[in-house]
Amino acid sequence: MFIRTLSSRSWRVSICSRFWFFSSRGSAIAKIVGANAAKYDMFDTTVNMWVFEETINGRKLTEIINTDHENVKYLPGHKLPANVVIGEGADILIFVVPHQFIARVCDTIKDHIKKDAVGLSLIKGVDASPDGLKLISEVIRAKLGITMTVLMGANIANEVADEKFCETTIGTGAHVKELMQTTNFRVTVVEESDVVEICGALKNIVAVGAGFCDGLGFGDNTKAAVIRLGLMEMIAFAKVFCTNCPVSPATFLESCGIADLITTCYGGRNRKIGEAFAKTGKTIEQLENELLNGQKLQGPATAAEVNQVLTQKNMVQKFPLFTAVYEICFNGRPVTEFINCLQNHPEHM
């Protein structure tokens with residue numbers, strides 16, 4: 001999903017947006033941005049979307065959105081504002097795609113954006129390479145040469161679309177707060193942008209582990225342990241990885257931290273697939289096709305990328321929960337052994 005604004009020094013903006021409409025979350029955010037664009041004088045009333053084209057029951061998704069104002073595949077039953085239409089043009093870019101596709105998306109748009117554009121990433125994942133781990137905002141910044149900020153939080157798409165109250169966290173992006181905030185979508189801005197983003201990625205690994213416990217028949221006490229130990233590993237990993245900024249415990253108390261971790265471990269798709277994986281013995285890819293309408297799961301992929309970095313740093317054994325999720329998803333380790341990583345987890349990290 002991409003959004004365009006033309007701004008002045010006073011941040012009075014004319015917005016025409018484009019969205020890569022790949023997920024339910026992108027559709028939910030489109031509702032917020034469309035409503036704010038119509039509400040505030042600082043925004044142009046039209047929000048233009050650039051859509052990943054698909055055919056639904058013989059009709060193009062672009063046609064359905066423009067005519068029916070609904071993303072019938074990824075967020076059915078939720079009407080988009082009438083000012084959200086298919087189009088192009090972008091100065092502020094909002095990215096909401098699975099992190100596996102971000103390089104392809106950037107390559108597609110790099111010749112069609114302004115050099116002084118600003119980006120806002122809602123993508124919860126990381127990118128691993130022989131050079132180490134990169135945040136998705138770093139990947140976008142390197143490919144497009146634009147200033148980046150991030151938004152992460154406990155924002156399950158259907159609840160956001162239903163306008164149920166929730167909070168979210170922006171890392172160093174006060175200028176986009178007004179674009180995103182509504183009465184029931186409360187935005188807090190913090191300075192530790194890298195920590196905000198790494199929280200959004202790592203919590204998906206923990207949620208897969210929570211799903212394993214559900215599938216194995218363990219109760220809420222066990223899941224609470226998964227959440228606590230997972231949070232410990234998230235903080236420890238952030239201290240290892242985020243060397244360019246301080247890692248404050250207070251950031252983990254924001255929506256991007258403990259709140260997102262809790263809601264994902266109880267209601268997210270990573271938990272759902274983790275449970276089905278433990279119960280059925282099917283592969284992650286099979287379960288994505290059967291249960292997620294073809295959408296890609298972030299937790300296992302992030303676990304693999306994190307494991308690659310931990311292996312490079314010879315730190316695999318220091319992160320037993322992250323490591324167990326990776327080995328169960330990809331190396332054939334029995335899911336029944338997941339409980340062992342909790343029983344033998346170090347008391348302090």
Just wondering, do [Y] and [X] contact through their side chains at under 4.5 Å, heavy atoms?
{"X": "F237", "Y": "I198", "answer": "yes"}
{"X": "T188", "Y": "I170", "answer": "no"}
{"X": "P300", "Y": "N270", "answer": "yes"}
{"X": "C166", "Y": "S255", "answer": "no"}
{"X": "S121", "Y": "L151", "answer": "no"}
{"X": "V150", "Y": "T169", "answer": "no"}
{"X": "L292", "Y": "L297", "answer": "yes"}
{"X": "F338", "Y": "V325", "answer": "yes"}

- prompt: Less than 4.0 Å between a side-chain N and a carboxylate O, is that true for D127 and K134?
  reply: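 Looking at D127 together with K134, the answer is no, because their closest N to O distance does not fall below 4.0 Å.
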
Checking [X] now: which residues fulfil side-chain contact (heavy atoms from CB on, under 4.5 Å) with it, not counting sequence neighbours?
{"X": "Q317", "result": "none"}
{"X": "E159", "result": "K164"}
{"X": "A236", "result": "F319, M349"}
{"X": "A225", "result": "none"}

message: With side-chain contact (heavy atoms from CB on, under 4.5 Å) as the criterion, how do C199 and M234 come out once you've worked through the C-alpha distance, each side chain's angles and the decisive distance to 0.1 Å?
response: CA-CA 7 Å; C199 282; M234 288 170 59; 4.2 Å; yes

- prompt: Do we see a donor-acceptor contact under 3.5 Å between the side chains of T302 and N204?
  reply: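 Side-chain D/A pair, T302 to N204: absent.
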
message: Looking only at the side chains, is there a donor atom on one of K60 and T55 sitting less than 3.5 Å from an acceptor on the other?
response: no

Straight-line distance of [X] [atom1] to [Y] [atom2], nearest 0.5 Å:
{"X": "I136", "Y": "C106", "atom1": "CD1", "atom2": "SG", "answer": "9.0 Å"}
{"X": "N155", "Y": "L122", "atom1": "CG", "atom2": "CG", "answer": "8.0 Å"}
{"X": "K203", "Y": "C256", "atom1": "NZ", "atom2": "SG", "answer": "11.0 Å"}
{"X": "Q100", "Y": "I123", "atom1": "CD", "atom2": "CD1", "answer": "10.0 Å"}
{"X": "D194", "Y": "T251", "atom1": "CG", "atom2": "OG1", "answer": "11.0 Å"}
{"X": "L261", "Y": "I205", "atom1": "CG", "atom2": "CD1", "answer": "11.0 Å"}

- request: In sequence, state the C-alpha distance, the side-chain angles, and the governing distance for T168 and M180, and then conclude on side-chain contact (heavy atoms from CB on, under 4.5 Å).
  value: CA-CA 10 Å; T168 198; M180 305 303 301; over 6 Å; no

With distance as the sole test, does [X] use its side chain to make a donor-acceptor pair with the main-chain N or O of [Y] at under 3.5 Å?
{"X": "T172", "Y": "E191", "value": "no"}
{"X": "E163", "Y": "N184", "value": "no"}
{"X": "E167", "Y": "F185", "value": "no"}
{"X": "T323", "Y": "V316", "value": "yes"}
{"X": "T263", "Y": "A259", "value": "no"}
{"X": "T222", "Y": "F218", "value": "no"}
{"X": "K223", "Y": "C265", "value": "yes"}
{"X": "T264", "Y": "A207", "value": "no"}

May I ask you to check whether over 12 heavy atoms, not counting those of [X], lie within 6.0 Å of atom [atom1]?
{"X": "N344", "atom1": "CG", "answer": "yes"}
{"X": "Q286", "atom1": "CD", "answer": "yes"}
{"X": "N331", "atom1": "CG", "answer": "yes"}

Got a sec, which residues hit salt bridge (Lys or Arg N to Asp or Glu O under 4.0 Å) with [X], two or more places apart in sequence or on another chain?
{"X": "K177", "result": "none"}
{"X": "R333", "result": "E327, E337"}
{"X": "D162", "result": "none"}

message: I'd like to know if V208 and I156 are part of one continuous hydrophobic network [Ile/Leu/Val/Met/Phe/Trp/Tyr, side-chain heavy atoms within less than 4.5 Å].
response: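 Different clusters: I156 never reaches V208 through Ile, Leu, Val, Met, Phe, Trp or Tyr contacts under 4.5 Å.
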
May I have the list of side-chain donor-acceptor pairs in residues 137-146 shorter than 3.5 Å, sequence neighbours left out?
| unit_1 | atom_1 | unit_2 | atom_2 | d |
| --- | --- | --- | --- | --- |
| S137 | OG | E197 | OE1 | 2.6 |
| E138 | OE1 | L135 | N | 2.9 |
| K143 | NZ | D107 | OD1 | 3.2 |

Locate the shortest heavy-atom distance separating [X] from [Y]; write the atom from each residue and the value.
{"X": "L321", "Y": "E233", "answer": "N-OE2, 2.8 Å"}
{"X": "E192", "Y": "S248", "answer": "OE2-CB, 2.8 Å"}
{"X": "V195", "Y": "P246", "answer": "CG2-O, 3.9 Å"}
{"X": "T336", "Y": "I339", "answer": "O-CG2, 3.7 Å"}
{"X": "V126", "Y": "A201", "answer": "CG1-CB, 3.8 Å"}
{"X": "A210", "Y": "V226", "answer": "N-CG1, 3.9 Å"}

query: Which pairs, with at least one residue in residues 241-259 and sequence neighbours excluded, count as a salt bridge (charged side-chain N to carboxylate O under 4.0 Å, His left out)?
result: none

message: Tell me which pairs pass salt bridge (charged side-chain N to carboxylate O under 4.0 Å, His left out) where either residue lies in residues 304-326, with sequence neighbours left out.
response: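 As it turns out, there is no salt bridge (charged side-chain N to carboxylate O under 4.0 Å, His left out) pair with a partner in residues 304-326 once direct neighbours are skipped.
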
Distance-only check: which donor-acceptor pairs under 3.5 Å involve side-chain atoms of residues 271-279, not counting sequence neighbours?
| unit_1 | atom_1 | unit_2 | atom_2 | d |
| --- | --- | --- | --- | --- |
| R271 | NH1 | D214 | OD2 | 2.8 |
| R271 | NH1 | E275 | OE1 | 2.7 |
| R271 | NH2 | E275 | OE1 | 3.1 |
| E275 | OE2 | K279 | NZ | 3.0 |

- request: Please write out which residues are connected to Y326 in a hydrophobic cluster, directly or through intermediates, given that two of Ile, Leu, Val, Met, Phe, Trp, Tyr count as joined at side-chain heavy-atom separations below 4.5 angstrom.
  value: F330

